[in-house]
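Every chain is numbered from 1, with letters handed out A, B, ... down the list of sequences. Just so it is clear, the values below take in all heavy atoms, side chains as well, and ignore hydrogens, waters and symmetry mates.
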There are 2 protein chains.
Amino acid sequence: MENKTPITVVIIEDDETIRNGFTYLINTTQNYKVLNSYSNVEDALVNLVNDKPQVILLDIELPGIKGIDAIPKIKNILPKTYILMLTVYENEDNVFNALTKGASGYLTKSDNTEKIIDAIQEVVDGGAPMSMNIAKIVIKSFHKNQNSPLTKRETEILEQIAAGKSRSKIAKQMFIDLETVKSHIKNIYVKLNVHSREDAIKEAKNNKYI
Amino acid sequence: MENKTPITVVIIEDDETIRNGFTYLINTTQNYKVLNSYSNVEDALVNLVNDKPQVILLDIELPGIKGIDAIPKIKNILPKTYILMLTVYENEDNVFNALTKGASGYLTKSDNTEKIIDAIQEVVDGGAPMSMNIAKIVIKSFHKNQNSPLTKRETEILEQIAAGKSRSKIAKQMFIDLETVKSHIKNIYVKLNVHSREDAIKEAKNNKYI
DNA sequence: CGTTTTATCACGCATTTAGGGGGATTTTAA
DNA sequence: TTAAAATCCCCCTAAATGCGTGATAAAACG
């Protein structure tokens, strides 16, 4: 067990105490090694080519280039490196932005520090470690509103509109008359209090009707 | 610790062995209690009003009404009950369907059986427990394709098109000429090899360009 | 430093679509 | 057995769409 090739980590975090804390924690754990740690993205970007870590712990709140914007830059240099986000805040937009740009996991610093080791292992094993509250945010983003004012058919049609389909195409694919589709759309607009496809889509997505 | 009010659970699972196994496991754990277990959704639906469990363990592969279709029916009767999905298969569509309809967690039966207790506790605490592979599927669904053939501007415009905006509205909001927008859209169509908004949206979403 | 890509703007044209107005009828559920 | 939901009908005008064939300036790349 002792002489396995260790899992290599780089830390990008501006708070020196946290940076050193994590470095110590990881380095004193068997089979894990911190190759380097940086207090900002700029420094990290020039050195990462040499470090070639398997996992990067990336803070979100950083001076200069923010953690979120660092993700694509890092992925450019090291496409196979797993990026684990670290944050104190649980801002929804940050979560989805980071995931969209390619982060593989998302941890809050309030987590038990030992969890960081589990998370590093999990991400190397192809998993997607998340703190409990982050998982909740992610799962909740899938939940549809059960109190939609739209009927089943109206919802169906609005979904097709959101897919960019014309009224006539919707009619053909649903085997109903164009006039029926128009009628449904009229009712949708009244219910959502809008006067265009754009606003209907926006309103429906905001309220998670679709 | 011993005389806390226990967390109440109902199991809906057709395999008798698994059903009894989970029931035994949960009932022999302090502070957890299985109120009832059912081998199909139909039976469960008529009794759930009396059971009023905090958590339901719901199998996906069931005879008659499938687990996925059971979710909205259960939510109708008991809107506050947390639903944890159980499955042997890790079918992507099932995962997203279940989450969309309101499942709060998703576990594979291959998980260590003790994890089920942790998951029940986590969901009651407002979390969203997932097996590692499920978390991976969920997180991956957010990842955008880094090899998009579209330029930044083209991607921007295609996103607006996917939001249902007209070319002229896009032009106004981006402070560019309608002709410029038309030009971009033409290039998008060529690159994606499509001839309509609908197909452009579909192609872009399929490949995660947007 | 030169070449390519990207972003910008131009004009015309045939065809379809969108949104709104006013209805009616038939299924489906409560 | 009512109410809600889904279906279909006709009219209208302004706007949008997709495609053709361009040009020019700015940015990025090697």
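Note that the first and last nucleotides of DNA chain C, 5' to 3', having any atom under 4.0 angstrom from a heavy atom of chain B are dT6(C) to dG12(C).
Listed by chain and number, the residues in a side-chain contact (heavy atoms from CB on, under 4.5 Å) with N147(B) are N145(B) (sequence neighbours excluded). For the side-chain contact (heavy atoms from CB on, under 4.5 Å) test, residues two or more places apart in sequence or in another chain that qualify with N20(B) are E16(B). With sequence neighbours left out, N94(A) forms a side-chain contact (heavy atoms from CB on, under 4.5 Å) with I60(A), I68(A), N91(A), Y106(A). For T108(B), the side chain to side chain donor-acceptor pair (under 3.5 Å) test picks out S110(B), S131(B), with sequence neighbours left out. Every side-chain contact (heavy atoms from CB on, under 4.5 Å) that D14(A) has, sequence neighbours left out, goes to D59(A), L62(A), P63(A). The ring-ring contact (aromatic ring centres under 6.0 Å, His included) search around Y24(B) returns none, not counting sequence neighbours.
Contacts classified as salt bridge (charged side-chain N to carboxylate O under 4.0 Å, His left out) and involving residues 66-95 of chain B (residues at least two apart or in different chains) are given here: D69(B)-K101(B).
Between D118(B) and K115(B) there is no salt bridge, since no side-chain nitrogen of the basic residue lies less than 4.0 Å from a carboxylate oxygen of the acidic one.
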Check: residues 134-142 of chain A side-chain donor-acceptor pairs under 3.5 Å, at least two apart:
from	atom 1	to	atom 2	distance (Å)
S141(A)	OG	V138(A)	O	2.6

Please output the side-chain donor-acceptor pairs of residues 179-189 of chain B that fall under 3.5 Å, not counting sequence neighbours, one pair per line with the distance.
from	atom 1	to	atom 2	distance (Å)
N187(B)	ND2	S183(B)	O	3.3
Y189(B)	OH	R197(B)	N	3.0

* Structure fact -> The contact string for nucleotides 4-16 of chain D, one letter per nucleotide 5' to 3', using protein heavy atoms under 4.0 Å with B, S and - for base, sugar-phosphate only and none, comes out as -SSBBBBB----S
* Asked: Reading nucleotides 25-30 of chain D from the 5' end, what letters show protein touch, with B for base, S for backbone sugar-phosphate only, - for no heavy atom under 4.0 Å?
  -> ------
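Residue Y189(B) has no polar side-chain atom (N or O) positioned under 4.0 Å from OP1 or OP2 of dC19(D).
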